[in-house]
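Note sheet for the following structure.
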Protein chains: 2
Amino acid sequence: MIQNYNSKKLYERLPIYVHFLNSIQESNISSTTISKSLNLGEVQVRKDLALVSGKGRPKIGYSTKNLFKAIKKYMGMNHASKAIIVGFGKLGKALYDYAGFSELGIDIVQAFDISNTTDFVKDIKELDSYCLENEILFGILTVPSTEAQATAEKLIRCGIVGIWNFTSVRLNVPSHVVIQNENLAASLSVLVKSTLDKKVGNDYEKSNETNDSYTSKKH
Amino acid sequence: MIQNYNSKKLYERLPIYVHFLNSIQESNISSTTISKSLNLGEVQVRKDLALVSGKGRPKIGYSTKNLFKAIKKYMGMNHASKAIIVGFGKLGKALYDYAGFSELGIDIVQAFDISNTTDFVKDIKELDSYCLENEILFGILTVPSTEAQATAEKLIRCGIVGIWNFTSVRLNVPSHVVIQNENLAASLSVLVKSTLDKKVGNDYEKSNETNDSYTSKKH
DNA sequence: GGTATATCGATAGAGTTATATCGATATACT
DNA sequence: AGTATATCGATATAACTCTATCGATATACC
Ligand SMILES: NC(=O)c1ccc[n+]([C@@H]2O[C@H](COP(=O)([O-])OP(=O)(O)OC[C@H]3O[C@@H](n4cnc5c(N)ncnc54)[C@H](O)[C@@H]3O)[C@@H](O)[C@H]2O)c1
Ligand SMILES: NC(=O)c1ccc[n+]([C@@H]2O[C@H](COP(=O)([O-])OP(=O)(O)OC[C@H]3O[C@@H](n4cnc5c(N)ncnc54)[C@H](O)[C@@H]3O)[C@@H](O)[C@H]2O)c1
């Protein structure tokens, strides 16, 4: 594949830029400044921006507004994507209440549970009708792991094609469905192991550095 | 570097194996079976296991018990790592109550907050004395983003060298400290974008597949 | 207007991670 | 005991991702 670079890692960084651009006042911004503010590689930022946006100007940088729009367009953040949460427990509640997703064009429009139903938490039985009526594409799975596979299948039957999976189960789904596993336990383990590596292997700098887990890179 | 393959991705998979091994009854298990159960590449699993464990036997596989022990040893999961949570809000509470971390040798031993103090949530003012007394190495950062940098610095002053960062801030920390960013918003964006890509680019199979975000791999 | 330079874009290369392939071997089965 | 084969381990290759470098250029400043 020639120069058609479209990667998961890129997709993770673009929202970070969006959040950053949202937070600044300047009407122009350079890739250099962005890279320093976010602890990312300078070349990497430039490459990312070049891919999604129009030209930048030497000595000036990019128009903040245009850059912002370009990234949002590229990521499909303009038309708000509607998502539902299934499993309104501790984690589901935290995610449901979090305001930061809307900045990225994602609205969590409804929560479902098998028992904790309230005004704004519907019974899981209503899943079908709700999803079909509202054309929901995304589901956030925060049910107990024992219920994970069965619940995922329910979601898929309702037309959901993207599942954010917080359970520890590796779901089995048809090929048209996208799964994003959010394995928090694994993630914490990575931190622990990386930290221990660093503490032990202080002989010379370990070559383990990656953009997201380590700090003080020499950009 | 020759064959000293020690990657972040590997560190993410090993806990998945641990969880799986914990859940099965069989006293022997083959890499083939593991790979099918977890939707991972067969060769990849074999390579992972070869790196951390003793030999497997043709037609039999590995001893479940030995494999389990080997991975835990490799990952440093034997001596329990103690972590604290700072910011006992919705997310902090969910993490604090989650039982699944102990399987991976991690104990969340204490929570701190600036206001919601209770019997088991200490005031942030006690952070110093607690961390030093108890030799805490890991901190989970779930304070509001406005407090993130300042709080991270507090943690570091208390001897913490690994921070699991749930805030949207890209922390600036000294080089001996490891940061694991858990950017949930970015992760959700990846799901949305990947799903949209797939829906649109159905001309021929997109070459975007990765082990963690997509399903129905042809292993 | 002329010069210095911050920033850009492009290319090449290095590093990391995953997959395909194949011969070796211990085990199951006849 | 002899044969078929599931599974292993190793090597080679492919795919993906990041970084270093450098010439081009629009802008700032004299
Ligand atoms: N809390 C964490 O920090 C954490 C960390 C990692 C993974 N997880 C995983 O996330 C999931 C949720 O965790 P949690 O802490 O919020 O658990 P929880 O028990 O607080 O919440 C689970 C919710 O799902 C509901 N539920 C049960 N069966 C259901 C069904 N069939 N349909 C719809 N709803 C149903 C329950 O009523 C409950 O409200 C679990 O799978 C857990 O393993 C949680
Ligand atoms: N909830 C989510 O789903 C979600 C998703 C992505 C990111 N985040 C991030 O995670 C963090 C926590 O989110 P939340 O939803 O739990 O928020 P929250 O408001 O429920 O919890 C924050 C807690 O931090 C405490 N706090 C405030 N200042 C403090 C300080 N200086 N020291 C110690 N404690 C302090 C508050 O009292 C509160 O209990 C935020 O930075 C948020 O942006 C949350």
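Below, each value reflects all heavy atoms present in this structure, side chains not excepted, and no hydrogens, waters or symmetry copies. Just so we're clear, the structure is a prediction, and the values are computed from it rather than from any experiment. We name chains A, B, ... by the order of the sequence lines, and we start the count at 1 in each one.
Between B:Arg13 and B:Asp48 there is a salt bridge, with a side-chain nitrogen of the basic residue lying less than 4.0 Å from a carboxylate oxygen of the acidic one. Ion pairing of B:Asp97 with B:Lys93 is absent here, as no side-chain N (NZ or NE/NH1/NH2) approaches a carboxylate O to less than 4.0 Å.
Rounded to whole Å, the distance from CG on B:Asp48 to P on D:dC8 is 13 Å. Atom CD of A:Glu12 and atom C1' of D:dT17 are 12 Å apart (whole Å). Atoms CZ (A:Arg46) and P (D:dT21) sit 13 Å apart, rounded to a whole Å. Atom NZ of B:Lys9 and atom P of C:dA18 are 5 Å apart (whole Å). Taking atom NZ of residue B:Lys55 and atom P of nucleotide C:dT27, one finds them 14 Å apart after rounding to whole Å. For the pair B:Lys59 NZ and D:dA6 C1', the interatomic distance rounds to 5 Å; values are reported in whole Å. Going from atom NZ of B:Lys47 over to atom P of C:dT19 covers 10 Å, rounded to whole Å. One atom, NZ of B:Lys8, and another, P of C:dA18, lie 12 Å apart when rounded to the nearest Å.
With D:dT27, C:dC8, D:dA20 as the choices, the nucleotide that has an atom nearest any side-chain atom of A:Ser31 turns out to be C:dC8. Considering only side-chain atoms of B:Ala50, the nucleotide from C:dT21, D:dG9, D:dA28 that sits closest is D:dG9. Here the side chain of A:Ser30 is nearest to one of C:dT7, D:dA28, D:dT19, namely C:dT7. The side chain of B:Pro58 lies closest to D:dA6, out of D:dA6, D:dA10, C:dC8.
Between A:Phe112 and A:Phe88, the ring centre distance reaches or exceeds 6.0 Å.
A distance-only check finds no donor-acceptor pair linking the side chain of B:Ser53 to the backbone of B:Leu67 [under 3.5 Å].
Between C:dA6 and A:Tyr62, no contact under 4.0 Å exists linking OP1 or OP2 to a side-chain N or O. For C:dT27, one of the phosphate oxygens OP1 or OP2 lies less than 4.0 angstrom from a side-chain nitrogen or oxygen of B:Arg57. Taking 4.0 angstrom as the limit, A:Arg13 places none of its side-chain polar atoms (N or O) nearer than this to OP1 or OP2 of D:dT17. Regarding contacts with the backbone of D:dT17, a side-chain N or O of A:Ser7 is found under 4.0 angstrom from either OP1 or OP2.
Nearest heavy-atom pair, A:Ile160 versus A:Gly139, reported as atom, atom and distance to 0.1 Å: CG2-N, 3.8 Å.
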